[in-house]
Amino acid sequence: MDEYAVIINAGSSSLKFSVFRRPESNAWRLEVRGQIEGIGTRPQFSAKNEAGQSVADEQLDAAVNDGRTALAYVADWMRERYGGARVRGIGHRVVHGGARYTGPTIVTPEVLDDLRTLIPLAPLHQPYNLAAIEAVWERLPDVPQVACFDTSFHRGQPAVAELVPLPSEIRNTGVQRYGFHGLSYEYIASVLPSVAPGIANGRVIVAHLGSGASMCALKNGKSVDSTLGFTALDGLCMGTRPGAVDPGVILHLFQSLGLSAKEVETMLYKKSGLLGISGISNDMRALLASTEPAARLAVDYFVYRAAKEIGALAAVLGGIDGLVFTAGIGENSAEIRKRICQASAWLGIELDDESNARKGPRISTTASAVSAWVIPTNEELMIARHTGLLLGLIEQRV
Ligand code: AMP
């Protein structure tokens with residue numbers, strides 16, 4: 001009987017999944033990937049097969065209004081399609097693994113309890129990630145589940161990169177810089193030797209620019225610093241998050257404006273960044289298409305902050321050999337790539353406009369001292385690799 005492994009990436013308003021299939025005695029390969037988007041507003045289900053052809057695309061009943069009902073829908077869809085199939089394992093993206101989880105882990109009730117304690121550090125993601133694990137448990141209690149963390153890839157950074165310079169009694173409670181988007185960076189690091197062998201063992205800055213955005217400094221394929229810290233609020237300007245803000249501003253919100261902790265949390269996670277600056281949208285496409293001055297300012301700040309962080313990470317690395325763009329904005333917006341590269345020209349980056357327009361993968365000129373690249377990320381494949389390895393479903397990295 002064919003065997004299946006399922007990868008789940010559960011967010012607040014979306015549930016993404018991939019199904020990998022292994023025909024008897026054959027290698028694992030992607031069978032289908034899909035998602036429910038607009039959970040809680042206008043749920044839409046879509047799925048594509050390995051060749052990228054649509055196999056489902058439908059508006060769902062509004063009763064699919066949270067992670068549990070979304071997962072139930074996907075489970076029913078899979079049962080109809082693969083009825084009686086043997087599911088060997090399920091891999092989940094879990095945003096926060098704290099200091100303890102330095103790699104993927106098989107989920108037990110104790111692990112789940114431990115991960116719940118990290119919910120306040122990632123309130124936008126962690127509760128939804130864990131709810132998906134619980135929902136699967138209820139339906140398939142005997143199928144092993146693996147948690148793959150966005151923080152793990154950053155463990156092993158130098159002590160100064162992880163430090164939050166507060167008194168030790170605070171640091172001892174787990175207050176340190178963790179870094180995020182680790183599955184994306186790990187994937188990029190894993191493909192650099194084949195896509196960009198000249199820089200794979202060098203000093204590389206990877207810019208993961210999506211609705212969440214961060215950068216990672218890679219030295220010889222290992223993370224040595226990143227722009228996200230204790231939570232996913234630091235560093236770059238994001239869709240609805242501000243990135244780095246003077247902590248005195250947060251004190252001001254509490255002390256002078258009398259905002260509650262919940263109000264401040266909502267402001268920082270959902271109302272700031274591109275949306276807060278523009279007052280129009282958190283979507284870079286809408287801002288680039290707008291002629292409103294506030295939209296232009298939001299884009300200008302996004303680029304300004306990106307260039308500033310590239311400078312900081314270049315200092316950490318002692319110079320750079322390569323710059324890689326990935327995720328929604330990084331992979332799709334030639335204009336943002338161009339503006340960030342222009343602002344970073346002082347580092348020796350010279351963009352090739354034609355290559356940039358067709359997404360490279362190399363987008364710098366041959367004369368450029370520092371090469372620039374577009375490499376699509378694949379966090380789900382990274383989770384699949386980890387899950388397969390940990391459960392003994394595959395013997396070596398694919
Ligand atoms: P992600 O979180 O990686 O899925 O990225 C989502 C973001 O990518 C969206 O919010 C858009 O702002 C952005 N995006 C996708 N396509 C484009 C594009 N062609 N131009 C600019 N931004 C884009």
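Note that ligands are numbered from 1 as they come in the structure, with each ligand's atoms numbered from 1 the same way. Heads up: numbering here begins at 1 and tracks the sequence.
Judged purely by distance below 3.5 Å, without hydrogens or angles, the side chains of Glu350 and Thr365 pair a donor atom with an acceptor atom. A side-chain donor from one of Ser223 and His154 sits under 3.5 Å from a side-chain acceptor of the other.
The protein atom (non-hydrogen) at minimum distance from atom 12 (O) of ligand 1 is Met284 N, 2.7 Å. Counting protein heavy atoms only, atom 20 (N) of ligand 1 is closest to Arg285 CG, 3.5 Å. Closest to atom 5 (O) of ligand 1 among all protein heavy atoms lies Gly328 CA, 3.3 Å. Of the protein's heavy atoms, Ile329 CG1, 3.4 Å lies nearest to atom 13 (C) of ligand 1.
Remark: ligand 1 atoms within the under-4.0 Å shell around heavy atoms of Gly210 are 1 (P), 2 (O), 3 (O), 5 (O). Those atoms of ligand 1 that come under 4.0 Å of a heavy atom in Asp283, given as number and element, are 11 (C), 12 (O). Distances below 4.0 Å separate heavy atoms of Ser211 from the following atoms of ligand 1: 1 (P), 2 (O), 5 (O), 6 (C), 7 (C).
Here atom 16 (N) of ligand 1 lies nearest to Asn332 when heavy atoms of Leu287, Thr240, Asn332, Ile336 are compared.
If you run side-chain hydrogen bond (donor to acceptor under 3.5 Å, both in side chains) between Tyr185 and each of Ser226, Ser214, Ser190, only Ser214 comes through.
Judged purely by atom type and a 3.5 angstrom limit, Arg203 uses its side chain to pair as donor or acceptor with the backbone of Gly318.
Listed by first and then second residue, the ring-ring contact (aromatic ring centres under 6.0 Å, His included) pairs involving residues 298-330 amount to none (not counting sequence neighbours). Legend: ring-ring contact (aromatic ring centres under 6.0 Å, His included) pairs involving residues 78-109, not counting sequence neighbours, sorted by first then second residue: Tyr4-Tyr82, His96-Tyr178, His96-Phe180, Tyr101-Phe149.
The two residues Leu236 and Ala306 make their nearest non-hydrogen contact at CD2-CA, 3.6 Å.
Less than 4.0 angstrom separates atom 8 (O) of ligand 1 from at least one non-hydrogen atom of the protein.
Not a single N or O atom of Gly212, backbone or side chain, sits closer than 3.5 Å to an N or O atom of ligand 1.
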